[in-house]
Number of protein chains: 2
Amino acid sequence: MKEIETFLEDKKVRPTAMRVLIYKYMAEKEIAVALADIENAFTKADRTTLYRTLKTFEENGIVHQIDDGTGITKYALCDKGCNCEIEQDLHLHFHCLNCNETVCLTKHKIPHINLPEGYLAEDVNLVVKGICEKCSGQ
Amino acid sequence: MKEIETFLEDKKVRPTAMRVLIYKYMAEKEIAVALADIENAFTKADRTTLYRTLKTFEENGIVHQIDDGTGITKYALCDKGCNCEIEQDLHLHFHCLNCNETVCLTKHKIPHINLPEGYLAEDVNLVVKGICEKCSGQ
DNA sequence: CCAATAAATGCACTTCCATTGCACTTTTTA
DNA sequence: TAAAAAGTGCAATGGAAGTGCATTTATTGG
Ligand SMILES: [Mn+2]
Ligand SMILES: [Mn+2]
Ligand SMILES: [Zn+2]
Ligand SMILES: [Zn+2]
C-alpha cells in the first residue's frame, strides 16, 4: 500500500485514496481491464473519476491503453521501465474469443515491420485473436 | 459498369443501382473508406442502406472491414482472389496521423507470430500508425 | 402481363461507450 | 488560515453502430 503511494509519487501522480485502490486493483489482475470492470469493482466511485484516473495514469506512463478490437478500451499496467516507445516496448496483445479476456504478452515484442518507401512508423498495434491458454486447456 | 454488375453477380450479390455505385466509388479510391465517407458521396441514399450494403459486401467477400484504431470502421475492396483467411491474405494496414487516411498494404503480409504454449490464433490485426508516403514527401 | 413473393431501401429509434461542462469537495500552498 | 489548485461527482452530450418496421422495388410463377 505504502509502496504504491511512493510509486505514484515517483510518477508525478498524487496518490489519492481512489488512485491507490485502482492501481492495486489493476496490479492484482493479470488481464487488461475495461473501465466498466473498475466501475463494477468500485461501485462507490463515479465513472468519470475512474475514467480520469486512467487518463492521468496513462499520461504519466503508469498504464497503457489497449485497443483489442472489441470496441471497448482496455487498460493494463506498464512494465517496470516501460516507456511505451516504438521499437522498444511495443508488445502484442491477445484477445480470447472464448472468455473475452485480453492479455498483454509483454515478452512478445512486435517484430520490425518493413514499410514501403516514404512511410514513417510512429506506432504499431498488433492484436491476435483466438483461444487463450486457459480456454484451450479445457 | 457492366463489369461491376457481373462481378457482383459472381459474388452472389444482386447488382442494384446503389450497390454498383458504391462498388464503383470504392474501386476508384485507393484508400479505405468510412461509412461517413460514402454517406457524403451519396447524400441521396440512407445511411442504413449504405451500412447494409457494406455488410452484404463483407459477407460475400467483396470488401473487408478495417479496424485502424481510430474507432471508426473502415472498408476496402478485397484483392482478386482474396478470401480474407488467416495465414494467407492477412495484410497490414497503415493509418496516417497527418492526413488521417488509412491504406491497405496488401503486399505486406502479417509475419507469423509466435505465441506462448496453449494459445491458438484465429485472427491477427496489425496496424501501423505514422506518416504516409504522400505526407512525408512534403 | 399480373398477382404473389422476396429482396432492398428508408425512417425512426435505440444502445453503447467515450467525453465534457460545471458545481462541489478536498488538498495544497503561501 | 485564506486563497488557489487539484480531485471528484453529477448530468448531459456526442459519435458511431445496430435494429424494427413500414414502404418500395425487383423477381418469379402462372
Ligand atoms: Mn499491453
Ligand atoms: Mn486491407
Ligand atoms: Zn480465454
Ligand atoms: Zn498522410
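Letters go in sequence order (proteins before strands), and every chain restarts at 1. Only this structure's heavy atoms are used, side chains among them; waters, hydrogens and symmetry mates stay out.
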Pairs under 3.5 angstrom only: tabulate donor-acceptor contacts from the side chains of residues 35-48 of chain A to other protein residues two or more places apart or in another chain.
| from | atom 1 | to | atom 2 | distance (Å) |
| --- | --- | --- | --- | --- |
| A/Asp37 | OD2 | A/Ala34 | N | 2.8 |
| A/Asn40 | ND2 | A/Ala36 | O | 3.2 |
| A/Asp46 | OD2 | A/Thr48 | N | 2.8 |
| A/Asp46 | OD2 | A/Thr48 | OG1 | 2.8 |

Listing, residues 69-78 of chain B side-chain donor-acceptor contacts under 3.5 Å, not counting sequence neighbours, or none:
| from | atom 1 | to | atom 2 | distance (Å) |
| --- | --- | --- | --- | --- |
| B/Thr70 | OG1 | B/Asp68 | OD1 | 2.6 |
| B/Thr70 | OG1 | B/Ile72 | N | 3.2 |
| B/Thr70 | OG1 | B/Ile72 | O | 3.4 |
| B/Lys74 | NZ | B/Asp68 | OD2 | 2.6 |

Residues 7-20 of chain A side chain polar contacts: donor-acceptor under 3.5 Å, at least two apart:
| from | atom 1 | to | atom 2 | distance (Å) |
| --- | --- | --- | --- | --- |
| A/Thr16 | OG1 | A/Arg19 | N | 3.3 |
| A/Arg19 | NH1 | A/Arg14 | O | 2.9 |

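For A/Lys107, the salt bridge (charged side-chain N to carboxylate O under 4.0 Å, His left out) criterion is met by no residue, not counting sequence neighbours. A/Glu28 meets the salt bridge (charged side-chain N to carboxylate O under 4.0 Å, His left out) test with A/Lys24; sequence neighbours excluded. With sequence neighbours left out, B/Phe57 forms a ring-ring contact (aromatic ring centres under 6.0 Å, His included) with no residue at all. In this view, B/His95 satisfies the ring-ring contact (aromatic ring centres under 6.0 Å, His included) rule with no residue, not counting sequence neighbours.
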N/O-N/O pairs, protein side and nucleotides 4-7 of chain C side, under 3.5 Å:
| from | atom 1 | to | atom 2 | distance (Å) |
| --- | --- | --- | --- | --- |
| C/dA7 | O3' | B/Arg14 | NE | 3.2 |

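Using a 4.5 Å cut-off between side-chain heavy atoms of Ile, Leu, Val, Met, Phe, Trp and Tyr, A/Ile66 forms no hydrophobic cluster with any other residue. By the 4.5 Å side-chain criterion applied to Ile, Leu, Val, Met, Phe, Trp and Tyr, A/Ile131 is assigned to a cluster that also includes B/Leu120.
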Base versus backbone protein contacts along nucleotides 17-23 of chain C [heavy-atom cut-off under 4.0 Å; B, S, -]: SSSBBB-
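Chain B approaches DNA chain D over the interval D/dA16 to D/dT27, counting the first and last nucleotide 5' to 3' with an atom under 4.0 Å from its heavy atoms.
Two different hydrophobic clusters hold B/Leu90 and A/Val127 under the rule that ILVMFWY side chains link at heavy-atom gaps under 4.5 Å.
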